[in-house]
Protein chains: 4
Amino acid sequence: MADDATTSRRHHGNRHGRSEHARVAVMQAADDLLLERGFAALTVEGIAAAAGVAKQTIYRWWPSKTAILFDAYVLDAAEHFTDTDHGDLGPDLRDRLSQLATFLTRPDTHAVFCALAGQAQHDPAVAARFRTDVMDPQRARDRQPLQRALQRGHLGTGFDIEAALDELTGPIYYRILLTNQSLPRTYTDQLVTHLLGRLTDTIHVTDQRGVPT
Amino acid sequence: MADDATTSRRHHGNRHGRSEHARVAVMQAADDLLLERGFAALTVEGIAAAAGVAKQTIYRWWPSKTAILFDAYVLDAAEHFTDTDHGDLGPDLRDRLSQLATFLTRPDTHAVFCALAGQAQHDPAVAARFRTDVMDPQRARDRQPLQRALQRGHLGTGFDIEAALDELTGPIYYRILLTNQSLPRTYTDQLVTHLLGRLTDTIHVTDQRGVPT
Amino acid sequence: MADDATTSRRHHGNRHGRSEHARVAVMQAADDLLLERGFAALTVEGIAAAAGVAKQTIYRWWPSKTAILFDAYVLDAAEHFTDTDHGDLGPDLRDRLSQLATFLTRPDTHAVFCALAGQAQHDPAVAARFRTDVMDPQRARDRQPLQRALQRGHLGTGFDIEAALDELTGPIYYRILLTNQSLPRTYTDQLVTHLLGRLTDTIHVTDQRGVPT
Amino acid sequence: MADDATTSRRHHGNRHGRSEHARVAVMQAADDLLLERGFAALTVEGIAAAAGVAKQTIYRWWPSKTAILFDAYVLDAAEHFTDTDHGDLGPDLRDRLSQLATFLTRPDTHAVFCALAGQAQHDPAVAARFRTDVMDPQRARDRQPLQRALQRGHLGTGFDIEAALDELTGPIYYRILLTNQSLPRTYTDQLVTHLLGRLTDTIHVTDQRGVPT
DNA sequence: TGATAAACGAGACGGTACGTCGAGTCTTCGT
DNA sequence: ACGAAGACTCGACGTACCGTCTCGTTTATCA
């Protein structure tokens with residue numbers, strides 16, 4: 001029954017546009033093969049074969065195998081991240097970084113992120129898309145807690161949000177891309193602690209919980 | 001004359017081992033082509049042609065084009081870094097990070113570092129060598145100022161050197177690999193300032209949780 | 001106005017059977033493209049585009065691009081050949097061969113004939129249809145003058161009509177398909193003269209040129 | 001032993017030029033596949049696979065699959081034809097045409113000749129090479145008996161050798177390419193008989209067997 | 001003073017994947 | 001019911017590099 005339904009739905013192309021079946025199968029196959037064999041062994045022919053799809057169908061909708069991974073990544077990222085406002089910078093930031101660490105550590109998303117970041121080093125066009133479609137949105141997400149704290153007046157006027165973001169997330173990406181070390185909750189919490197400690201020191205306005213003294 | 005000298009030096013093989021001329025020409029050609037066309041367009045055949053060398057000669061001495069870049073990188077890195085002891089953590093660290101930023105910003109070394117870091121994302125073997133031959137030595141260099149300060153007793157017993165290194169260098173690699181932003185002296189100095197501020201805070205003013213004593 | 005008429009005639013499918021407009025446009029487009037670009041560059045997609053017709057419409061009515069050419073050829077051939085009985089073998093044959101030579105020399109029909117003959121070498125099915133639909137009818141047409149002469153008693157009983165047809169038309173096809181030489185009237189006339197000369201020799205009745213016996 | 005010898009001889013390419021093994025294997029494979037599956041199913045990939053050779057090796061030495069067939073054809077033709085001078089036009093011509101008929105009837109050479117002749121209809125470049133490398137040399141061979149007869153003075157001054165060649169060989173090619181009929185010795189002998197009969201008639205010098213009256 | 005042996009240039013080889021083209025099939029909508 | 005549109009699977013195209021393999025040449029060194 002389910003198979004029948006799937007088969008009947010699986011149209012082979014018509015004037016209404018592309019086959020959803022093919023779109024999903026390709027992205028799934030690319031993800032799977034990336035995880036199994038690594039990016040070096042990832043070929044368009046291999047993806048096509050694994051997805052049960054013609055090579056031409058892939059080239060019709062994606063300019064390169066990297067583009068497939070971008071689509072897969074963006075989809076995953078949109079699902080993964082949520083923003084909850086605790087009304088306090090500390091918990092907000094700790095949640096954020098923890099979510100990021102979890103996302104970049106999950107085997108499938110880790111593989112895709114690293115593959116894209118790696119390819120960005122080799123191809124300026126990939127680098128550009130990587131920044132606009134991956135890094136910029138992520139940074140926007142990570143900026144939210146700080147932005148809210150700023151609006152609440154919990155951050156001094158001289159506070160440099162961008163520098164803080166670099167210092168909070170830089171070490172995480174460092175471990176992901178360069179040392180392949182784990183990212184336990186204690187690690188990301190410590191990053192937040194260090195930042196907040198600096199805040200206490202400089203502005204003398206709030207305690208760790210962001211409550212004015 | 002110079003040409004003659006070059007030609008005479010350029011032996012076509014003998015029983016005393018490899019041709020220095022070929023070794024240098026290959027590494028130089030690889031570097032040049034990487035800078036001109038990018039890693040994606042870097043091929044062993046292209047390097048061989050540019051170096052005026054047979055493909056087999058490259059394969060005789062290097063297992064892959066990545067290995068050529070490793071050799072070139074290690075050479076450059078050994079030349080670049082110097083360690084001067086100012087007897088004070090601040091200046092030592094500022095010098096260190098500035099040197100690192102300069103090295104990773106120079107067009108040629110930037111290209112090689114990014115190419116290797118990128119390839120490390122795609123190939124576990126490259127990743128392993130990248131850590132042992134590139135990241136570990138660099139981290140050892142960067143650790144020196146902190147180690148000296150520790151020995152001088154200028155750091156509290158609870159101070160976590162490895163975490164500090166992550167937080168000092170993470171943002172630098174982040175900008176190099178992911179956002180392609182510049183790394184001015186003010187930026188690296190600020191990183192040090194933030195760390196030192198935290199030290200002051202932790203040792204003399206607050207406890208580790210940032211609560212004023 | 002004319003455009004309106006055309007447009008109104010050009011129905012986009014209805015329940016009254018196939019579109020005459022599409023049928024003609026396809027054959028015309030196939031002919032044109034064959035002449036312009038040659039058979040090697042003739043594609044069903046190209047014909048469809050040139051005819052302003054969907055690919056499926058072609059496949060609905062013709063099994064292959066060769067079949068289109070067959071249809072076009074048969075149409076042309078039916079129009080071209082006429083049979084006039086001069087009551088004399090010589091003039092009848094000379095007219096026949098001249099008509100054949102003219103037909104096979106006209107750029108459009110030449111192209112189609114050669115394309116089909118060529119494809120017949122590569123595909124047994126095409127070869128079969130080529131013989132039944134092209135060569136056999138043509139040979140039947142060419143046989144008529146001889147048949148009439150036979151009935152008139154102008155040919156000896158031992159005369160081999162089929163051999164004569166081979167020797168009359170063989171050289172013509174030879175020049176068309178293999179040497180691309182011209183086929184002037186003098187050439188075809190000479191073929192007839194040679195045959196008739198042989199007749200004189202064998203039957204000892206009259207020759208057709210009026211040379212006294 | 002033989003295998004060893006073959007294996008040791010089978011070099012994989014070196015500075016002395018191309019591999020003879022590959023050259024022969026490709027031509028043999030092309031011939032075999034042509035005979036087995038026909039020209040329509042003949043692909044460079046198929047030839048490469050059958051010959052145990054890389055596709056690139058074929059493209060290195062032949063611009064197209066047609067070129068391979070030309071090479072194979074020329075080789076076969078050079079081996080097949082011999083010219084013996086009986087001192088008499090009749091026997092010389094009869095031998096000639098019989099040899100031609102045999103050659104064009106042998107399954108392997110028949111397939112190659114038809115494939116090339118067919119492709120010549122589709123591609124002007126093939127047509128040109130077909131004329132210079134196949135038809136012209138063959139016609140030169142077939143012309144020899146007539147040329148000798150002319151030099152012996154056995155042909156009248158007004159005798160048109162080229163027309164005679166058309167009329168002798170045209171019917172043969174006609175049967176090969178267009179009707180796929182057999183070419184028994186009696187058929188080719190009859191062609192010669194008809195020509196000689198015409199000679200007797202016109203020059204009154206020799207009888208049908210070429211013996212002076 | 002040759003003979004020897006290592007490394008050289010050159011470049012053909014068997015392969016793998018590339019990105020493109022066209023073939024022939026299928027489905028939907030509009031007329 | 002048929003045509004236009006166009007996405008689909010499939011197979012072959014010709015190209016680019018891969019890494020491997022001789023082959024003939026060069027040249028320092030050792031017999």
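Predicted model only: the values in this text are computed from it and were never measured. All values below come from the heavy atoms of this structure, side chains included, with hydrogens, waters and symmetry mates left out.
Between C:Gln119 atom CD and E:dA23 atom P there is a gap of 12 Å when expressed in whole angstrom units. Rounded to whole angstrom, the span from the CD atom of A:Glu20 across to the P atom of F:dA7 amounts to 15 Å. Per the geometry, CD1 belonging to D:Ile47 stands 14 Å off P belonging to E:dG14, to the nearest Å. One interatomic measurement links the two molecules: CD1 of B:Ile58 to C1' of E:dA10, which rounds to 13 Å at whole-angstrom precision. The separation between B:Arg23 atom CZ and E:dC8 atom P is 12 Å, rounded to whole Å. In this structure, A:Arg60 places its CZ atom 13 Å from P of F:dC10, rounding to the nearest Å.
With sequence neighbours excluded, the residues satisfying salt bridge (Lys or Arg N to Asp or Glu O under 4.0 Å) with B:Asp71 are B:Arg129. Checked against side-chain contact (heavy atoms from CB on, under 4.5 Å), B:Leu75 has the following partners two or more places apart in sequence or in another chain: B:Met27. Every residue two or more places apart in sequence or in another chain was checked for a salt bridge (Lys or Arg N to Asp or Glu O under 4.0 Å) with A:Asp32, and none qualifies. By the ring-ring contact (aromatic ring centres under 6.0 Å, His included) test, A:Phe70 pairs with no residue at all, sequence neighbours left out. Scanning for ring-ring contact (aromatic ring centres under 6.0 Å, His included) contacts around B:Phe39 gives A:His122, with sequence neighbours left out. Applying the ring-ring contact (aromatic ring centres under 6.0 Å, His included) rule to B:Phe113 yields the partners B:Phe130, B:Tyr173; only residues at least two apart in sequence or on another chain are considered.
Residue C:Trp61 places at least one side-chain N or O under 4.0 Å from the OP1 or OP2 atom of F:dG3. Contact annotation: A:Thr57 does not reach the phosphate of F:dA7 (side-chain N/O to OP1 or OP2, under 4.0 Å).
Using a 4.5 Å heavy-atom cutoff, the side chains of B:Val112 and B:Leu35 are not in contact.
Within the structure, salt bridge (charged side-chain N to carboxylate O under 4.0 Å, His left out) contacts touching residues 41-70 of chain A (residues at least two apart or in different chains) are A:Glu45-A:Lys55.
The cationic atom of A:Arg23 (NZ for Lys, CZ for Arg) does not lie both less than 6.0 Å from the six-membered ring centre of A:Trp61 and within 45° of the ring axis.
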Generate the contact string for nucleotides 12-19 of chain F. Rules: B means base contact, S means sugar-phosphate contact only, - means no protein heavy atom under 4.0 Å. SBBBBSBB
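Listed in residue order, the members of residues 26-37 of chain D having a heavy atom less than 4.0 Å from DNA chain E come to none.
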